[in-house]
Amino acid sequence: MLLFTTKIVGWKFQSLKPLLSYYKNTYCLARALSVNVNVVEVENGLASIVGSKYVATSHAICEQHSHDESYHRHLLPSIVVWPQSVGEVSEVAKLCTAHKMPMIPFGTGTGMEGGVAPMGPSVSINLTKLNEITDLHLDDFDVKAQPGVTRKQLNYDLRSTGLWFPVDPGSDASLCGMAATGASGTNAVRYGTMKQNVLNLQVVLADGTILHTAGEKRRCKKSSAGYNLTELFIGSEGTLGFITSATLRLHGQPEMTKSAVCSFPTIMDAVNTAMQILQCSIPIARIELLDETSIKAVNNYSHLTHPEMPHLFLEFHGSAASTGEQVDQTAEIAGLNSGSEFKWAETQEEHNHLWQARHDLWYAVKAFKPGSTAISTDACVPVSALAEAISHSAALLDESGLIGGILGHVGDGNYHCFVIVEDDQAKLVESLTKAIGKKAIELGGTCTGEHGIGIGKRPLLKEEVGEKTLKLMKAIKCSFDPLGLMNPGKVFS
Ligand SMILES: Cc1cc2c(cc1C)N(C[C@H](O)[C@H](O)[C@H](O)COP(=O)(O)OP(=O)(O)OC[C@H]1O[C@@H](n3cnc4c(N)ncnc43)[C@H](O)[C@@H]1O)c1[nH]c(=O)[nH]c(=O)c1N2
Ligand SMILES: O=C(O)C(=O)Cc1ccccc1
Ligand SMILES: [Mn+2]
């Protein structure tokens with residue numbers, strides 16, 4: 001499929017032969033991308049090329065760029081490049097377009113839906129070398145971050161300003177990758193998802209065009225000026241272009257933070273508590289459901305001793321008076337649903353340990369059976385439908401006989417059902433994830449609240465949005481990327 005047949009000239013190399021026999025096309029692309037490359041090492045038939053503007057890679061590096069945190073495994077990228085500036089991203093895009101070479105933006109590779117996995121010969125474009133935080137406006141609560149900046153890095157840099165960026169997938173993902181997947185996490189119930197927290201994006205299109213989705217320098221909290229191209233890019237999963245900076249909305253650090261856990265006899269008691277907290281409009285900052293299996297995983301992995309029962313992990317933000325009021329109301333609702341007394345994180349260490357354990361749940365789940373595969377669903381329903389959705393998933397899980405459990409950002413109606421599988425159980429998992437996605441759709445929800453469509457949920461997208469809407473989405477994609485070079489095989493088949 002690759003179109004490079006040009007003669008290789010102007011290269012210094014140690015051994016060309018293995019490369020040519022295996023990866024002739026890759027090699028030609030590398031040459032197209034940079035004229036000053038020195039091949040310093042040849043490993044497993046692939047080139048490790050350093051000392052150039054763009055860096056091509058060894059087999060190990062290609063392997064690293066062939067997958068994210070999910071089970072999806074396809075091909076290795078033909079080559080990996082690290083542009084050092086937005087101009088270089090544009091240059092790479094122009095070259096790829098000239099050679100009709102598919103391009104895959106790579107953030108930190110923490111995605112859960114195979115978004116960075118090549119489906120055919122492709123260039124993986126690692127954006128982490130662009131890692132500046134610029135344009136911090138303390139008075140306006142906004143900041144601009146390049147794609148190499150992660151959420152932890154941003155919050156570390158902001159720590160003495162009184163401001164913070166609250167969207168937190170448990171991973172230390174890149175902020176632009178988070179925009180690309182429409183990420184959220186535990187604080188979204190209070191502070192919103194990436195959709196509510198991005199004011200503008202700089203993007204590079206497949207043909208190399210550089211533009212700002214809301215217009216250059218725009219950083220206002222509202223705008224009615226034309227189409228909302230910023231939101232169009234949020235959740236686009238690298239299929240529309242490269243996000244090369246994100247202008248983000250910041251928030252004031254809460255005056256007071258209180259965290260507690262509460263156990264319940266049944267998962268439904270916990271879910272009903274969450275629903276009632278929201279229906280009473282308590283401005284809770286975090287309300288996370290962990291079923292019995294999730295608690296077992298957390299206890300084992302993070303050395304905690306929670307009773308092996310369904311739990312809500314809770315966090316309250318505000319002044320002493322307002323958190324006190326929120327806590328009293330929440331405790332009353334939990335009590336009415338047979339919830340236990342709250343167990344408080346008394347010190348900063350306990351607080352950090354509690355939330356780190358929650359954020360590490362993915363690794364805790366994987367540690368259940370080392371060497372096996374963990375699979376996660378990501379349904380989201382209107383909060384009033386949460387009890388029905390979760391009891392449906394719990395029943396399916398029970399019937400399947402698989403090791404698995406349920407956890408969720410229940411304040412948003414978003415929950416993950418996870419299972420641990422062996423390789424020969426793929427069919428079983430496929431039917432389980434499909435059934436959970438379909439049920440969420442039937443209840444007015446979505447098959448993905450935060451992880452994206454990626455590879456595995458492409459058939460569900462049609463079911464969710466309908467044929468006409470899907471056709472329009474494809475037409476939009478085509479107007480940004482007429483040759484279909486941006487992350488092909490993702491979102492759409
Ligand atoms: C332990 C753990 C826990 C969680 C999660 C992961 C892990 C490992 N996640 C998922 C993940 O962290 C989330 O999807 C991030 O937004 C992915 O960001 P990366 O930078 O890693 O993108 P990654 O590199 O994985 O890419 C993801 C997709 O975005 C595209 N992309 C990346 N950077 C881009 C850019 N600059 N321009 C254009 N396209 C780009 C890629 O092409 C790909 O399609 C999550 N998520 C969540 O929402 N809530 C949660 O609770 C969690 N929890
Ligand atoms: O931790 C989360 O909220 C995630 O989105 C990742 C995840 C999914 C399923 C099981 C554990 C962690
Ligand atoms: Mn999640």
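Whatever order the structure lists ligands and atoms in, that order sets their numbers, starting from 1. Starting from 1, each residue takes its place in the sequence as its number.
The shortest separation from a heavy atom of G452 to ligand 1 is not under 4.0 Å, leaving the residue out of contact. Not close to ligand 1: F233, with no non-hydrogen atom less than 4.0 angstrom away. Contact annotation: R358 has at least one heavy atom less than 4.0 Å from an atom of ligand 2. Note on ligand 1: H451 sits in its first shell, one or more heavy atoms being nearer than 4.0 Å. The shortest heavy-atom distance from H409 to ligand 1 is under 4.0 Å. Residue-ligand proximity: H409 is placed with a non-hydrogen atom under 4.0 Å from ligand 2.
Residue-to-ligand polar distances place T108 within reach of ligand 1: an N/O pair is separated by less than 3.5 Å. Considering both main-chain and side-chain atoms, V116 never comes within under 3.5 Å of ligand 1 through any nitrogen or oxygen pair. For ligand 1, the polar-atom distance check finds an N/O of P105 within less than 3.5 Å of one of the ligand's N/O atoms. Considering backbone and side-chain N/O of H359, none are found under 3.5 Å from N/O of ligand 1. Some N or O of G115 is nearer than 3.5 Å to an N or O of ligand 1, by distance alone. Not one N or O of F106 is nearer than 3.5 Å to an N or O of ligand 1, by distance alone.
Interface atoms of ligand 2 facing E450, defined by a heavy-atom separation under 4.0 Å, are 5 (O). Using a 4.0 Å cut-off to heavy atoms of A183, the atoms of ligand 1 that qualify are 16 (O), 48 (O). Close approach of ligand 1 to C176 is summarised as follows: ligand atoms under 4.0 Å from at least one heavy atom of the residue are 36 (N).
The structure places CG of L485 at 8.0 Å from SG of C96, a figure rounded to the nearest 0.5 Å. Taking CE from M178 and CG from D172, the interatomic distance works out to 9.0 Å, rounded to the nearest 0.5 Å. With rounding to the nearest 0.5 Å, the separation of CD1 in I390 from SG in C417 is 9.5 Å. In this structure, I277 CD1 and N272 CG are separated by 11.0 Å, a value rounded to the nearest 0.5 Å. M112 contributes atom CE, which lies 10.0 Å from atom OG1 of T377 (distance to the nearest 0.5 angstrom). Between the CG atom of L460 and the CD1 atom of I436 there is a distance of 11.0 Å, given to the nearest 0.5 Å.
The proximity of L127 to ligand 1, defined as any non-hydrogen pair under 4.0 Å, is limited to the side chain. With a 4.0 Å cut-off on non-hydrogen atoms, E69 touches ligand 1 through its side chain and not its backbone. Residue-level proximity to ligand 1 for F242 is carried by the backbone, the only part with a heavy atom below 4.0 angstrom. At a 4.0 Å heavy-atom cut-off, ligand 2 does not touch H359 at all. When non-hydrogen atoms are compared, ligand 1 lies under 4.0 Å from neither the backbone nor the side chain of L361.
For residue D378, no N/O/S atom approaches the Mn ion (ligand 3) to within less than 2.8 Å. Taking 2.8 Å as the threshold, H416 counts as a candidate ligand of the Mn ion (ligand 3), since one of its N, O or S atoms lies below it.
Counting protein heavy atoms only, atom 40 (C) of ligand 1 is closest to A180 CB, 3.4 Å. Ranking protein heavy atoms by distance to atom 25 (O) of ligand 1, first place goes to G111 N, 2.9 Å. Of the protein's heavy atoms, M112 CE, 3.8 Å lies nearest to atom 6 (C) of ligand 2. If you check which protein heavy atom lies closest to atom 8 (C) of ligand 2, you get S376 OG, 3.3 Å. Of the protein's non-hydrogen atoms, G109 N, 3.6 Å is the one closest to atom 23 (P) of ligand 1. Protein heavy atom at the shortest distance from atom 10 (C) of ligand 2 is L407 CD2, 3.4 Å. Scanning all protein heavy atoms for the shortest distance to atom 4 (C) of ligand 2 gives H416 NE2, 3.5 Å. Among protein heavy atoms, the minimum distance from atom 36 (N) of ligand 1 is reached at I243 O, 3.0 Å. Protein heavy atom closest to atom 7 (C) of ligand 2, with residue, atom name and distance, is W362 CE3, 3.9 Å.
For atom 3 (C) of ligand 1, the nearest non-hydrogen atom from the set S171, S376, A117 comes from S171. Checking P169, G107, S184 against atom 48 (O) of ligand 1, the nearest heavy atom belongs to S184. In this structure, of D68, T244, T181, the residue bringing a heavy atom nearest to atom 27 (C) of ligand 1 is T181.
When the shell of 6.0 Å around NZ of K477 is examined, it contains more than 12 heavy atoms from other residues, nucleotides or ligands. Summarising the local packing, NZ of K195 is surrounded by 12 or fewer heavy atoms from other residues, nucleotides or ligands at distances under 6.0 Å. Annotation for K434: atom NZ does not count as buried by contact number, only 12 or fewer foreign heavy atoms lying within 6.0 Å.
Between K94 and E91 there is no salt bridge, since no side-chain N of the basic residue sits under 4.0 Å from a carboxylate O of the acidic one.
Inspection of the N200 and T213 side chains reveals an N or O donor paired with an N or O acceptor under 3.5 Å. Inspection of the H409 and E450 side chains reveals an N or O donor paired with an N or O acceptor under 3.5 Å. Side-chain contact, S70 with E113: no donor N or O sits under 3.5 Å from an acceptor N or O. If you check the side chains of D207 and T97, you find no donor sitting under 3.5 Å from an acceptor. Between the side chains of W362 and S376, not a single donor N or O lies within less than 3.5 Å of an accepting N or O.
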Kindly determine whether T239 and N487 satisfy side chain to side chain donor-acceptor pair (under 3.5 Å), including the steps that lead there.
CA-CA 5 Å; T239 62; N487 210 358; over 6 Å; no
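Centroid-to-centroid, the aromatic rings of H74 and H67 stay 6.0 Å apart or farther.
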